[in-house]
Amino acid sequence: MPRYNPAVIEPKWQQFWEENRTFRAPELPTAEKRYVLDMFPYPSGDGLHVGHPEGYTATDIICRFERMRGKSVLHPMGFDAFGLPAEEHAIKTNTPPRVSTENNIATFRRQMKMLGFSYDWDRELATTDLEYFRWTQWIFLVIFDTWFDPEQKRGRPIAELPIPAEVASRGARAVQRYRDAHRLAYQADALVNWCPALGTVLANEEVQDGRSERGGHPVERIALRQWMLRITAYADRLEQDLEQVEWPDGIKNMQREWIGRSTGAEVDFYIGPPEDYDAWRVRRGDEGFPGSAGEEVLRIYTTRADTLFGATYMVIAPEHPFVDRLSTPEQRGAVESYCRRAAARSDRERQESREKTGVFTGSFAINPVNHQGVPIWIADYVLISYGTGAIMAVPAHDTRDYEFAEKFDIPIRAVVDPGPSADVDREAVLAGQACFPGEGRAVNSADYDGLPTGEFQQRIARDLSAQGVGRAAVNYKLRDWLFSRQRFWGEPFPILHELDDQGQPTGVLRAVDPEDLPVDLPHLDDYRPHGKPEPPLAKAPDDWLYPLIEGRRYRRETNTMPQWAGSCWYYLRFLDPQNQQNFVDPEIEKAWMPVDLYVGGAEHAVLHLLYARFWHKVLYDRGHVSHSEPFRRLVNQGMILGELEYTGYRRPDGAWVTAPHVRRDADGQWLDSTSNETLEPVALKAEDVEKTGEHFVLRDEPAIRVDSRAHKMSKSRGNVVNPDQIVQDYGADSLRLYEMFMGPLEATKPWSMAGVNGVRSFLDRVWRMIVDERAEACQLNDHVRDQEPDADQLRMLHRTIQAVTEDTDRLQFNTAIARMMEFVNYFNKQTVRPRPVMESFVLLLSPYAPHIAEELWRILGHDRTLAYEPWPEFDPERIKEATVEIPVQIQGRLRAKIRVPAEAERSQIEAEARADERVSQLLDGKQVVKVIVVSGRLINFVVK
RNA sequence: GCGAGAGUGGCGGAAUGGGCAGACGCGCUGGAUUUAGGAUCCAGUGGGGCAACCCGUGGGGGUUCGAGUCCCCCCUCUCGCACCA
């Protein structure tokens with residue numbers, strides 16, 4: 001079988017690597033270390049998608065490349081195996097999720113091994129392994145045991161939390177409650193995203209447009225007691241430390257925006273009895289601005305304290321605690337019905353109608369800068385969860401307030417002069433007939449008139465602070481992380497709730513002793529959620545649910561952790577996966593961390609990457625890890641789309657509708673935008689369409705434009721490519737090579753079966769370049785000789801080594817492959833192919849197509865794996881050419897080409913160029929004004 | 001609406017400290033070989049023109065001896081965010 005047959009050689013080498021533990025990483029690095037990590041997959045029932053091997057191949061190439069360059073490489077793989085789909089499957093089939101999960105993992109593992117990735121499989125883990133989530137629970141207890149010290153800006157043991165004397169005097173219970181309120185893991189009654197269809201609450205990040213990210217089910221907001229992680233305490237550090245990491249700017253920006261730090265001021269508007277206002281001002285002047293707002297003020301947050309003089313009304317969120325107090329008897333009915341409606345309105349509905357709604361409370365507050373009364377409204381465009389849940393509204397300079405004021409006929413008072421500018425109607429703004437949210441100079445603002453926005457803000461912050469009615473403040477869009485789920489298939493919380501003699505919770509929490517970890521999941525007879533926000537673990541047998549410790553009865557926490565928990569620290573466990581004493585050995589951690597290259601999809605830009613960084617910082621503060629950031633360099637692989645498709649649209653009567661007249665309604669139906677008829681999309685063949693100008697049209701009906709685009713792979717569209725099929729038809733090396741050859745790693749790119757076939761024929765040519773495919777046994781091609789290469793051949797080799805080395809180093813795999821193709825095109829024409837040149841080439845190819853490379857290496861006479869052979873070096877001297885061809889331009893237009901010595905002087909190049917027949921003809925009769933020579937690159941004559 | 005990224009042959013893409021646009025691959029055309037081929041090899045392949053030459057990197061302007069690359073305006077697509085005061 002002398003023809004290239006991946007079906008035989010690929011399994012053979014996979015077995016070789018496995019049996020010889022070829023890619024086992026040492027416990028501690030033995031040379032310069034490289035920790036190269038893939039985002040581990042969720043093992044879905046569908047098996048590997050062609051999107052997975054894209055990132056995996058990229059990291060595998062880097063690992064194989066770096067091993068050959070003498071580095072100590074750590075390259076592990078595992079499975080993020082808790083999660084909703086397995087549980088949904090369990091509910092449907094009433095089988096334990098562990099069973100289907102393990103089946104799925106087996107499929108994923110088989111598929112990954114089939115692709116020849118050089119993982120150290122001895123380090124494999126799954127987040128669902130008892131020995132793994134034991135330490136997930138342990139880390140939760142670390143978080144539970146930590147409070148954030150705002151002075152030192154770091155997490156510290158709860159035992160070090162200063163207890164105010166007043167609290168201590170109220171006894172042990174009070175102290176405990178005080179501590180519980182300061183832990184990084186705490187329980188709170190929160191308005192949460194409850195998803196009835198999934199039977200669980202979801203984190204803010206898991207909700208998009210009012211629907212669950214998974215499944216697209218509606219989400220409601222309800223109040224529930226939940227576990228929260230105080231990620232907001234780390235908001236500043238999470239934002240600032242982004243500067244330390246080498247991540248794509250887009251991802252860093254997304255994290256920054258998600259954290260959403262804003263600076264501004266908190267200001268108190270007086271709402272007490274008007275006759276006491278003056279006394280209140282005096283008192284505030286003496287005592288200063290209190291940490292928590294009292295009953296007599298409405299505290300607001302603003303980033304535009306410079307517009308205080310333009311506040312013509314105030315708004316509180318419908319959930320604001322003052323709603324009741326501020327509603328006057330005449331308004332009460334209207335307020336109550338408004339708040340009821342607002343509560344019933346789902347986020348989804350709020351998204352759909354951005355129409356401003358609201359109701360007047362009947363009450364007024366007093367503006368501290370001008371002592372004027374300001375009406376207080378209730379409106380759902382103000383969110384209870386941001387700032388103080390109350391705002392001062394400045395319609396002249398805030399578009400939302402402007403819309404509201406227009407609708408409810410509230411005065412609009414301009415206080416910022418935009419100045420002369422082409423794109424602002426200054427007169428309209430100053431007349432209160434247009435909204436200007438930008439910066440300018442103050443007007444109608446008493447003593448502050450004329451100040452530019454920035455200066456005004458500084459001055460007024462100082463003044464408000466001096467009067468005790470305001471202070472500078474920082475706010476974040478980031479909310480604390482809702483950390484509990486009403487699901488079975490997740491890590492149980494290692495927390496016990498103390499019960500009294502009647503079996504009622506006392507409110508006292510007890511952490512499970514670390515020696516008693518892990519808390520395993522109990523056996524359940526069925527996994528079905530019951531549509532109530534109560535976790536299935538509540539159905540666990542009593543001996544699990546009600547442990548007795550030191551004579552006291554407890555009830556276990558029955559919520560489970562969200563899927564993200566396990567992925568927050570897996571990169572640490574990979575370093576020391578068997579450790580029984582510790583989640584990771586400190587010496588090992590210090591030696592391998594941080595991750596040098598982390599590759600995965602951009603969909604984890606905020607979720608996983610923010611959560612993992614947060615956990616890592618807590619572990620860092622508590623002295624368990626040595627770096628403050630886990631992932632030094634991050635690269636996002638782009639999405640792989642299905643094959644390019646041409647789509648035409650047809651009316652029910654069969655007539656075509658041109659693409660620009662086709663639109664899609666909210667339900668995804670295709671409609672004719674002129675007649676509103678429903679249209680049927682029709683897949684067209686390439687030969688039925690042609691390109692005219694910018695667009696594709698029907699060949700038979702050129703007036704009809706058709707869509708030409710690649711779509712996301714999806715089961716419903718039927719354009720999913722299965723890696724198993726590709727490996728069977730073309731081989732794993734072809735799949736790897738194709739995925740890398742498609743285009744830049746980070747780009748979104750469409751799949752093409754013809755392209756796979758193309759790289760397969762490249763590998764066929766590689767094979768024939770070295771192997772005699774007509775011989776019966778595996779033997780070298782006659783052209784491969786033990787002979788010295790000539791200068792041309794050496795130049796080709798060294799140019800290829802240089803290009804492949806540099807491109808690989810820069811993750812530009814597509815161009816590296818192109819250079820190897822050029823090499824093969826060249827040597828397949830050579831009747832003498834010196835063996836050392838062929839050997840160097842095989843080494844260059846090996847990170848990309850390791851199976852065929854190992855096989856060729858063996859045929860070339862080596863009996864060891866090439867995985868640790870030194871990477872070929874290039875010699876710049878061998879690349880130099882004696883003469884170079886350079887273009888001759890006249891007026892910047894190419895007119896001729898000349899061949900000159902590589903080191904030629906300007907004058908010589910000019911002389912050669914003028915001597916060229918064609919050039920001399922063209923220059924004849926013209927005056928040469930200037931001659932530009934870029935040595936070794938070109939010459940350009942400027943003529944008159 | 002805001003933010004980010006991207007628009008180059010029939011298709012995927014090369015080339016940006018300004019310097020021969022279209023490397024490499026697919027597809028297509030012609031030829032060779034073959035009983036046959038979705039195999040292999042050779043040649044060609046941006047558009048127009050017989051040719052010299054002209055036109056070409058989403059559109060329009062500009063800087064420059066020279067622009068895919070730099071500057072200004074506009075269009076389209078993709079992704080993210082979306083009442084965060």
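In what follows, chains carry the letters A, B, and so on, assigned in the order in which the sequence lines appear, proteins first and then strands, with residues in each chain numbered from 1.
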Euclidean distance for C1', G25(B) against U63(B) (whole angstrom) = 37 Å
Closer to the 5' end of RNA chain B via nearest nucleotide, is it Met639(A) or Gly892(A)?
-> Gly892(A)
Would you sort out whether Tyr301(A) and Ser262(A) count as a side chain to side chain donor-acceptor pair (under 3.5 Å), showing the intermediate values?
-> CA-CA 10 Å; Tyr301(A) 172 73; Ser262(A) 77; 2.7 Å; yes
Can a cation-pi geometry be assigned to Lys356(A) and Tyr381(A), taking NZ or CZ under 6.0 Å from the six-membered ring centre and within 45° of the ring axis?
-> yes
Check every atom of G13(B), A82(B), A23(B) against the side chain of Trp258(A) and return the nucleotide holding the closest atom.
-> A82(B)
Span that lies between the P atom of C24(B) and that of G17(B), in whole angstrom | 22 Å
Of Phe941(A) and Ala754(A), the one whose closest RNA chain B nucleotide lies more 5' | Ala754(A)
For the pair made of NE2 in His604(A) and P in C79(B), what is the distance, rounded to whole Å?
-> 17 Å
Would you indicate what Lys712(A) reaches in the nucleic acid, counting non-hydrogen atoms under 4.0 angstrom: base, sugar-phosphate, or nothing?
-> nothing
Walk me through it: do Glu746(A) and Asn636(A) pass the test side chain to side chain donor-acceptor pair (under 3.5 Å)?
-> CA-CA 6 Å; Glu746(A) 294 93 333; Asn636(A) 292 119; over 6 Å; no
Atom CZ of Arg768(A) and atom P of A39(B): how far apart are they, to the nearest Å?
-> 11 Å
Could you tell me whether Glu917(A) atom CD has more than 12 heavy atoms of other residues or ligands within 6.0 Å of it?
-> no
Could you tell me whether G9(B) is syn or anti, where syn means a glycosidic angle within 90 degrees of zero?
-> syn
If you look at every strand shown and take non-hydrogen atoms under 4.0 Å, does Gly260(A) touch a base, only sugar-phosphate, or nothing?
-> nothing
Taking atom P in both C73(B) and G18(B), what distance in whole Å separates the two?
-> 22 Å
Look only at the side chain of Thr808(A) and the backbone of Thr805(A), and say whether a donor-acceptor pair between them is shorter than 3.5 Å.
-> no
Would you check if the side chain of His397(A) reaches a backbone N or O of Val415(A) as a donor-acceptor pair within less than 3.5 Å?
-> yes
Whole-Å P distance, A21(B) and C54(B) = 12 Å
Mark yes or no for whether Lys712(A), through its side chain, and Met639(A), through its backbone, hold a donor-acceptor pair below 3.5 Å.
-> no
Minimum-distance nucleotide to Arg709(A) side chain [options: A82(B), A85(B), C77(B)] | C77(B)
Any Arg765(A) side-chain N or O less than 4.0 Å from OP1/OP2 of C24(B) = no
From C42(B), C20(B), A82(B), nucleotide with atom closest to Lys897(A) side chain | C20(B)
Just checking, any donor-acceptor pair under 3.5 angstrom between side chains of Thr815(A) and Asp807(A)?
-> yes
Considering only the C1' atoms, how many Å lie between G68(B) and A6(B), rounded to the nearest integer?
-> 13 Å
Any donor-acceptor N/O pair, Arg699(A) side chain to Glu690(A) backbone, under 3.5 Å | no
Ile909(A) CD1 to G19(B) C1': how many Å, rounded?
-> 13 Å
Within the structure shown, what part of the strands sits under 4.0 Å from Glu403(A) by heavy-atom distance: base, sugar-phosphate, or nothing?
-> nothing
Base, sugar-phosphate alone, or nothing: which one does Glu690(A) contact when heavy atoms must sit under 4.0 Å apart?
-> nothing
Please enumerate all protein N or O atoms sitting under 3.5 Å from an N or O of nucleotides 3-12 of chain B, with distances to 0.1 Å.
from, atom 1, to, atom 2, distance (Å)
C11(B), OP1, Lys691(A), NZ, 3.1
G12(B), O2', Met742(A), O, 2.6

Side chain of Thr303(A) only, please: which of A85(B), C26(B), C65(B) is the nearest?
-> A85(B)
Contact class for Ser262(A) (heavy atom, under 4.0 Å): base, sugar-phosphate, or nothing?
-> sugar-phosphate
Pairwise C1' distance, C26(B) and U45(B) [rounded to whole Å] | 13 Å
For the pair made of CE in Met740(A) and P in G25(B), what is the distance, rounded to whole Å?
-> 19 Å
Arg893(A) has its side chain closest, among A23(B), C54(B), G19(B), to C54(B)
State, without any angle test, whether Asp236(A) and Tyr476(A) hold a side-chain donor-acceptor pair at a distance under 3.5 Å.
-> yes
Rounded to whole angstrom, note down the P distance from G7(B) over to C55(B).
-> 25 Å
Just checking Asn825(A): base, sugar-phosphate only, or nothing, at a heavy-atom cut-off of under 4.0 Å?
-> sugar-phosphate
Could you please name the option among G80(B), A85(B), C26(B) that lies closest to any side-chain atom of Ser761(A)?
-> C26(B)
Reckon Arg261(A) touches a base, only the sugar-phosphate, or nothing at all at heavy-atom distances under 4.0 Å?
-> nothing
Among the nucleotides G80(B), G19(B), A85(B), whichever has the atom closest to the side chain of Tyr386(A) is A85(B)
Do Lys930(A) side-chain and C65(B) base share a donor-acceptor contact under 3.5 Å?
-> no
Could you check which of C26(B), G66(B), A14(B) has an atom nearest any side-chain atom of Asn940(A)?
-> G66(B)
Listed nucleotide nearest any side-chain atom of Lys356(A), set U78(B), C65(B), C83(B) | C83(B)
Do the rings of Trp767(A) and Tyr4(A) sit parallel, tilted or perpendicular, given the 30° and 60° boundaries?
-> tilted
When the P atoms of U76(B) and C65(B) are considered, how many whole Å apart are they?
-> 35 Å
Does the Asp480(A) side chain pair with the main chain of Ile231(A), one donor and one acceptor, at a distance under 3.5 Å?
-> yes
Please step through side chain to side chain donor-acceptor pair (under 3.5 Å) for the pair Arg914(A) and Ser920(A), ending with a clear verdict.
-> CA-CA 5 Å; Arg914(A) 284 180 185 277; Ser920(A) 70; over 6 Å; no
Rounded to whole angstroms, how far apart are CZ on Arg819(A) and C1' on G13(B)?
-> 15 Å
Quickly work out the Arg937(A) CZ to G66(B) P distance and round it to whole Å.
-> 18 Å
Can you tell me the distance, in whole Å, between the CD atom of Gln255(A) and the C1' atom of C81(B)?
-> 14 Å
For RNA chain B, write out the stems as range with range, using runs of 3 or more consecutive Watson-Crick or G-U pairs with both distances under 3.5 Å.
-> B:1-7 with B:75-81, B:10-12 with B:24-26, B:27-32 with B:40-45, B:46-48 with B:53-55, B:58-62 with B:70-74
Which listed nucleotide (A85(B), U40(B), C24(B)) is nearest to the side chain of Ala818(A)?
-> C24(B)
Taking CZ from Arg799(A) and P from C24(B), how many angstroms apart are they, rounded to a whole number?
-> 11 Å
